[in-house]
Enquirer: 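Below you'll find the structure I mean.
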Amino acid sequence: ASRGDVGTAAELLDRAARLSPRGAPARLEILADLHDALLYAGHADAAGVAVAELLAELDPDGGGTLAERARLQQVLLRFLVDPGAIPAEDLRARTDRALEAFAAAGDERDLATAHWARSLVAWLEGDAAAMQTHAELGLELARRSGNRRALTDAAASLANALMRGPVRLDEAEARLQALVAELEGDRLSQAALRLDLSVIRSLRGFPKEARAEADRAQEVFRDLGQRRWLARCSDILADLAMEEEDAPRAAELGRSVHAFFLEQGDAANALPAAMSLAAALLEAGRTDEADALAADVEREAPVDDLETQVEWRLVRARAAAHRGEADRASALAQEAIDLADGTDFLLMQADARANFAEVLRALGRDAEAGALRREAAERYVRKGAAARAERMERELTSGA
């Protein structure tokens, strides 16, 4: 199912579940797989029905890895639909329990999924080192057990950790290129990795190579019927447009991505999509629209989703500066820097400073803006993000 059309896989699993008697071991396993297939096909509501049926047919107090898998599926789905309803510490506790249960049972297949889930928690908490550790463990276990879905998720999580954390982008690129070669035959995982390679190459100053990687990935996702990954690809193409300073194109793509996740009832992915769209609208000069969208995210985002908390503050700070609200703009931008500095997300730390510099420039405080641009440039250089470092240097030279 992970290699082909996920919609077809979900239909076949649903038919098999209907033909199996309630409570039969084979039906229970099918329901667990059906949840995953429906979720990847972009049907969160139907996935919720499948896992609810599974839990209803299991012993309410039952143990075993299938029950643990179902409970983990349910909490992750709940987070996807309503991320603010589950504190990160509760999500961490559930994934830690699953890790213990699967490890004790020697269940490498489900253990791979649990390590990927734990890397997701680390992402929310702004801990790239933990994110990388769990993604690498999940990747190795997925390869050993043949869990192709966990393999794709863990590979993508590893790429995100390398891109966000202190590892230099040239080192991250080499690692991901090697992994693409190692995963020969797994088209979905390779395509997922190519998306992050495209962002890395763009940040390093190679826009043509970046676009080529994204185009190759998009072709695979279309061939495999992977709607969620196609949305993620559009999000990456919007990022590339932003790096190329084509904000209108980035906004156009970002709007389609945001609409897709809203349609799917996928709030966990709709929130960052909203922030990507807001950033593009801001650069396109549509300040009020960007601020309104960021205000929606402010109301809905979990307090412990640090990346999103940083991003809405930066957009709202620049909007406030545009309106001449100096105290509010400075306070929001400083909060964003403080939150970013509490993580090891080096790019986010640099971006926060670059945006605060824009706030100060809009307020006529050019000397302070220059100091922040230098701090941002130092972090971009340390990360190996040559394109952004060069932009900071140009702005410093021009005094813009």
Enquirer: Closest approach of E395 and S398, non-hydrogen atoms and distance?
Expert: O-OG, 3.4 Å

Enquirer: Is it the case that over 12 heavy atoms from other parts of the model lie below 6.0 angstrom from the CZ atom of R144?
Expert: yes

Enquirer: Charged N to carboxylate O under 4.0 angstrom, E182 versus R143?
Expert: yes

Enquirer: If I take atom CG from residue L339 and atom OG1 from residue T308, how far apart are they, to the nearest 0.5 angstrom?
Expert: 11.5 Å

Enquirer: With a 3.5 Å cut-off and no angle check, do the side chains of D36 and Q73 form a donor-acceptor pair?
Expert: yes

Enquirer: Look at R391 together with E243 and state whether they make a salt bridge at an N to O cut-off of under 4.0 Å.
Expert: yes

Enquirer: Answer yes or no: is there an ion pair linking R232 with D196, defined by an N-O contact shorter than 4.0 Å?
Expert: yes

Enquirer: Can you tell me if D14 uses its side chain to pair, donor with acceptor, with the backbone of A10 under 3.5 Å?
Expert: no

Enquirer: Could you give me the CA-CA distance, side-chain angles and deciding distance for L224 and W229, then say whether side-chain contact (heavy atoms from CB on, under 4.5 Å) is met?
Expert: CA-CA 10 Å; L224 298 181; W229 279 108; over 6 Å; no

Enquirer: Kindly indicate whether the side chain of F79, heavy atoms from C-beta on, has any atom under 4.5 Å from the side chain of L124.
Expert: yes

Enquirer: Atom OH of Y380 and atom CG of L169: how far apart are they, to the nearest 0.5 Å?
Expert: 11.5 Å

Enquirer: Measuring only between side-chain heavy atoms, which start at C-beta, is D127 closer than 4.5 Å to F345?
Expert: no

Enquirer: Distance check, rounded to the nearest 0.5 Å: D288 atom CG versus L293 atom CG?
Expert: 12.5 Å

Enquirer: Under a 4.0 Å threshold between the charged nitrogen and the carboxylate oxygen, would R316 count as salt-bridged to E335?
Expert: no

Enquirer: Using modelled atom types and a 3.5 Å cut-off, is there a donor and acceptor pairing between side-chain atoms of S157 and backbone atoms of A154?
Expert: no

Enquirer: Give, for atom CG of L203 and atom OG of S198, the distance between the pair rounded to the nearest 0.5 Å.
Expert: 9.5 Å

Enquirer: What distance do L38 atom CG and E11 atom CD have between them, rounded to the nearest 0.5 Å?
Expert: 10.0 Å

Enquirer: Is there a chain of hydrophobic side chains (I, L, V, M, F, W, Y, each step under 4.5 Å between heavy atoms) that links V257 to L240?
Expert: no

Enquirer: Between L253 and D235, is any pair of side-chain heavy atoms under 4.5 Å apart?
Expert: no

Enquirer: Could you go through the side-chain hydrogen bond (donor to acceptor under 3.5 Å, both in side chains) check for Q309 and D305 one step at a time?
Expert: CA-CA 6 Å; Q309 290 292 329; D305 180 353; over 6 Å; no

Enquirer: Could you tell me whether E209 and R204 make a salt bridge, using a distance below 4.0 angstrom between a side-chain N and a carboxylate O?
Expert: no

Enquirer: Please name the pair of heavy atoms, one in A98 and one in L72, separated by the smallest distance, quoted to 0.1 Å.
Expert: CB-CD2, 4.0 Å

Enquirer: Please report the shortest heavy-atom distance between R92 and T95, naming the atom on each side.
Expert: O-OG1, 2.9 Å

Enquirer: Check A142 against A112 and note the closest heavy-atom contact, atom names and distance.
Expert: N-CB, 3.5 Å

Enquirer: Under the criterion salt bridge (Lys or Arg N to Asp or Glu O under 4.0 Å), I'd like the reasoning laid out for E307 against R164: C-alpha separation, chi angles, the key distance, then a yes or no.
Expert: CA-CA 10 Å; E307 196 167 72; R164 283 166 167 76; 2.8 Å; yes

Enquirer: I would like to know whether R353 and D341 meet side-chain contact (heavy atoms from CB on, under 4.5 Å); could you show each step before the answer?
Expert: CA-CA 10 Å; R353 285 162 170 80; D341 286 357; 2.8 Å; yes

Enquirer: Could you work out, with salt bridge (charged side-chain N to carboxylate O under 4.0 Å, His left out) as the rule, every residue matching R94, not counting sequence neighbours?
Expert: E68

Enquirer: Listed by chain and number, what are the ring-ring contact (aromatic ring centres under 6.0 Å, His included) partners of W312, not counting sequence neighbours?
Expert: none

Enquirer: Would you kindly confirm whether I86 and L80 end up in one hydrophobic cluster when ILVMFWY residues are joined by side chain heavy atoms under 4.5 Å apart?
Expert: no

Enquirer: Which atom pair, heavy atoms only, marks the closest approach of L54 to A70?
Expert: CD2-CB, 3.5 Å

Enquirer: Answer whether the closest heavy-atom distance between the side chains of L31 and V51 falls below 4.5 Å.
Expert: no

Enquirer: Distance check, rounded to the nearest 0.5 Å: L195 atom CG versus I236 atom CD1?
Expert: 5.5 Å

Enquirer: Check the hydrophobic clustering (I, L, V, M, F, W, Y; side-chain heavy atoms under 4.5 Å; chains of links allowed) and say if L347 and L314 are grouped together.
Expert: no

Enquirer: Answer yes when D186 and R148 have at least one side-chain N-carboxylate O distance shorter than 4.0 Å, and no when they do not.
Expert: yes

Enquirer: Any Lys/Arg nitrogen of R394 or E245 sitting under 4.0 Å from an Asp/Glu carboxylate oxygen of the other?
Expert: yes

Enquirer: Could you walk me through whether R365 and S330 pass the side-chain hydrogen bond (donor to acceptor under 3.5 Å, both in side chains) test, one step at a time?
Expert: CA-CA 11 Å; R365 293 157 61 180; S330 297; 3.3 Å; yes

Enquirer: I'd like to know if E378 and R382 make a salt bridge, using a cut-off of under 4.0 Å between side-chain N and carboxylate O.
Expert: yes

Enquirer: For atom CD of E219, is the number of surrounding heavy atoms from other residues, nucleotides or ligands below 6.0 Å larger than 12?
Expert: no

Enquirer: Indicate the atoms forming the closest heavy-atom contact of H258 with A274, along with that distance.
Expert: NE2-CB, 3.6 Å

Enquirer: If we ignore hydrogens and angles and just use 3.5 Å, is the side chain of E375 paired with the main-chain N or O of Q349 as donor and acceptor?
Expert: no

Enquirer: Let me see the working for S202 and D239 under side-chain contact (heavy atoms from CB on, under 4.5 Å), right down to the final yes or no.
Expert: CA-CA 9 Å; S202 177; D239 287 345; over 6 Å; no

Enquirer: Tell me whether R194 is salt-bridged to D215, with the criterion being a basic N under 4.0 Å from an acidic carboxylate O.
Expert: no

Enquirer: Using the rule that two of Ile, Leu, Val, Met, Phe, Trp, Tyr join whenever any of their side-chain heavy atoms come within less than 4.5 Å, decide whether L193 and L230 are in one cluster.
Expert: yes

Enquirer: Using a strict threshold of under 4.0 Å (side-chain N to carboxylate O), is an ion pair present between D266 and R228?
Expert: yes

Enquirer: I'd like to know if R22 and E53 make a salt bridge, using a cut-off of under 4.0 Å between side-chain N and carboxylate O.
Expert: no

Enquirer: In the structure I gave you, are the side-chain heavy atoms of R374 and M392 within less than 4.5 Å of one another anywhere?
Expert: no

Enquirer: With heavy-atom distances below 4.5 Å as the criterion, would you say the side chains of L372 and I337 are in contact?
Expert: yes

Enquirer: Quick check: do Q74 and L77 have side-chain heavy atoms less than 4.5 Å from each other?
Expert: no

Enquirer: With side-chain contact (heavy atoms from CB on, under 4.5 Å) as the test, pick out the partner of H115 among D153, D110, L137, L120.
Expert: L137

Enquirer: Could you check whether any side-chain heavy atom of V167 comes within less than 4.5 Å of a side-chain heavy atom of Q132, counting everything from C-beta outward?
Expert: yes

Enquirer: Any salt bridge between R249 and E244, counting N to O under 4.0 Å?
Expert: no

Enquirer: Kindly work out whether a path of hydrophobic side-chain contacts (I/L/V/M/F/W/Y, heavy atoms less than 4.5 Å apart) joins V199 to L162.
Expert: yes

Enquirer: Can a donor-acceptor pair be found, under 3.5 Å and without considering hydrogens, that links the side chain of D344 to the backbone of A128?
Expert: yes

Enquirer: After noting the C-alpha distance and the side-chain angles of L158 and R175, does the key distance pass the side-chain contact (heavy atoms from CB on, under 4.5 Å) rule?
Expert: CA-CA 10 Å; L158 173 60; R175 174 78 188 276; 3.7 Å; yes

Enquirer: Kindly say whether V381 contributes a backbone atom to a donor-acceptor pair with the side chain of R168 at under 3.5 angstrom?
Expert: yes

Enquirer: Ion pair present between D366 and R373, side-chain N to carboxylate O less than 4.0 angstrom?
Expert: no

